[in-house]
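For reference, the structure is listed below as structure tokens.
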Amino acid sequence: MQTLTSTARAASRPREAECDVVIVEDDPIIREQLAEALTDAGMSVETAPDGQAALEVLEQTSPAVVITDLIMPGMNGWQLAEEVRARPRLDAVLVLFVTAVGNAHRVPPGPVFLKPLDLESLIRAVQNHVGHAEA
Amino acid sequence: MSEPVDILIVDDEPRNLVALEAILDGRGFRVLKARSGEDALRCLLAQQIALIILDVQMPGLDGFATAELIRGTERTRHIPIIFLTANADLERVTRGYAHGAVDYLFKPVVAEVLRAKVSVFVELHRKTAQLLAFERRETERRLADERTQWEAEALRARLEREQAAAESLAAANQRLEVALEETRRALSVRDEFLRIASHELRTPLTSMQLVLDNAIRRAGTDNLSAEQVGKALRTIDGQVFRLGTLIEELLSAVTLESGELQLHPGEVDLAMAARATVDDMEHMFAAARCPVSVSGPTPIVGRWDGFWIRQAIGNLLANATKFGAGNPIQVVVDADPTSATLAVRDQGIGIAPADQARIFAPFERAVSADHYGGFGLGLHIVRKVVSAHGGTVEVASTPGAGATFTVRLPRQPEASPLPP
């Protein structure tokens with residue numbers, strides 16, 4: 001399994017604990033900064049650098065939301081979304097896409113947030129779903 | 001041919017006319033009668049006559065005078081004349097021939113002799129008419145043949161012209177189709193490039209924006225340590241460098257494509273250039289968890305353009321980082337008296353043999369743009385720069401086991417124009 005950037009935070013919780021959000025992003029800075037922003041907004045966060053690593057994280061937790069980049073080495077965002085949909089256990093998971101590609105030739109199967117990111121609306125979208133999932 | 005033939009009998013004696021008519025009647029001839037030379041001439045104007053039987057001794061125009069007038073007229077000069085005469089003296093006969101007679105009969109007329117002579121002339125007339133008709137038909141047929149042939153040739157020529165026109169139209173159409181396809185491809189390459197370029201430029205921008213957003217929010221809650229500020233600024237510094245490098249790469253590509261690369265050769269130490277480039281890219285190696293080593297003798301001095309050489313080394317290192325993230329990268333420089341080499345070895349995903357030639361072309365990539373970003377220009381720029389220095393760049397790779405790019409540069413390169 002690839003390293004989890006938020007291991008410090010994740011390590012304080014038991015592995016099987018529910019987390020709110022999994023962030024999948026190959027750019028280390030964006031991954032780390034997104035995790036920081038969502039953590040500051042009161043959510044528990046796990047991260048993964050690509051789709052394969054994300055699936056390993058999802059083996060052990062059922063988040064309300066997965067935020068994934070589209071273009072990544074190995075398993076990319078489109079492929080990860082298909083894998084999530086193929087797992088009945090992850091039926092309730094909302095997959096959000098973040099991408100720097102303004103005109104992707106394949107439309108992602110879910111809400112898309114363009115980079116540079118409007119953090120406020122991204123956080124609001126995540127919070128809405130996390131609140132809904134907990135209610 | 002049983003068409004009735006007209007015979008003209010000319011005699012001033014009505015008895016003679018009746019007698020002659022009786023001899024010739026019922027033999028397939030139509031007998032016309034004239035009682036004087038003038039009568040005969042009038043009749044000849046109105047009828048097609050096959051044979052004239054002409055009495056020599058007549059009041060008014062006698063037989064010879066009438067014959068002379070008949071011979072003098074184009075329409076009638078060919079009509080055979082049999083003279084009838086009572087006197088068989090030689091002088092008259094000679095005179096008669098001089099006036100165009102073809103035969104003589106002496107009175108009293110012997111019926112069989114007259115019929116026999118008439119039959120010969122009538123037969124001659126019929127044969128002549130047949131021959132003329134045959135000739136006319138032949139001529140008409142030949143003319144018709146010629147016209148058909150001429151029309152066929154005209155048609156063939158027209159068809160050939162039309163076919164040539166159609167062929168040249170088809171060729172022009174083909175050229176247009178090719179041009180259109182090339183334009184479509186060029187447009188789609190450009191669209192793909194813009195798509196990727198926007199991705200590449202937005203990524204460092206996003207990093208900076210997130211760092212700033214987080215720092216500003218924490219500063220607002222007095223939750224920002226001096227250590228965190230320092231870290232944020234260093235991250236932003238790294239992203240500014242990355243953005244600058246990307247813009248540099250774009251400008252380099254534009255410069256190289258417009259053929260405006262002017263080399264400014266000077267004394268350059270290749271070993272030092274490699275180390276300086278590695279130092280500049282420290283952020284990138286750290287982020288990709290790639291330890292980088294530089295080995296080889298130093299200095300390696302040659303006459304090169306230092307700016308473009310560092311650009312080429314930077315592009316090779318950026319590729320090694322991108323496709324060999326998490327693994328070490330080795331840079332090895334070496335030299336002999338005439339040339340210098342620089343090799344960049346990664347332990348990344350490698351390049352399939354089929355892709356190894358393609359990756360040096362502009363906008364080409366061996367991997368899907370859905371997995372790896374990048375302009376697709378890095379190796380293209382490397383090859384352009386190295387070629388401009390009279391050198392070469394080669395790749396050796398096994399898929400899954402990394403790749404080694406080797407640049408070989410002459411140390412005193414001949415002045416070499418940039419390839420188009």
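What you see is a predicted model, and the numbers here were worked out from it, not measured in a lab. Naming: A, B, ... by sequence-line order, numbering from 1 per chain.
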Heavy-atom closest pair, residues [X] and [Y]:
| X | Y | value |
| --- | --- | --- |
| A:Glu36 | B:Arg217 | O-NH2, 4.1 Å |
| B:Leu210 | A:Ile30 | CD1-CG2, 3.7 Å |
| A:Pro116 | B:Arg202 | CD-CG, 4.1 Å |

Under 3.5 Å donor-acceptor, A:Gln33 side chain and B:Ser207 backbone:
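Not confirmed, A:Gln33 side chain does not pair with B:Ser207 backbone.
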Quick one: pull up [atom1] in [X] and [atom2] in [Y] and give me the separation to the nearest 0.5 Å.
| X | Y | atom1 | atom2 | answer |
| --- | --- | --- | --- | --- |
| B:Asn214 | A:Glu32 | CG | CD | 9.5 Å |
| A:Asp69 | B:Thr206 | CG | OG1 | 9.5 Å |
| B:His283 | A:Ile29 | NE2 | CD1 | 9.0 Å |

Of all residues at least two apart in sequence or in a different chain, which pass the salt bridge (charged side-chain N to carboxylate O under 4.0 Å, His left out) check with B:Arg185?
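Scan of B:Arg185 (salt bridge (charged side-chain N to carboxylate O under 4.0 Å, His left out), adjacent residues dropped) gives none.
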Partner chain A: residue of B:Val211, B:Asp213, B:Leu205, B:Thr221 with the largest heavy-atom pair count (under 4.5 Å):
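Top count of heavy-atom pairs under 4.5 Å with chain A: B:Val211.
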Would you mind checking which part of B:Gln239 comes under 4.5 Å of any heavy atom in chain A, side chain (CB onward), backbone (N, CA, C, O), both or neither?
side chain
Could you list the residues that satisfy side chain to side chain donor-acceptor pair (under 3.5 Å) with B:Gln311, not counting sequence neighbours?
B:Ser252
For chain B, find which of A:Val98, A:Leu119, A:Asp40 contributes the most heavy-atom pairs closer than 4.5 angstrom.
A:Asp40
Between A:Met75, A:Gln79, A:Lys115, which shows the greatest number of heavy-atom pairs under 4.5 Å with chain B?
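Max contact count across the listed options: A:Lys115.
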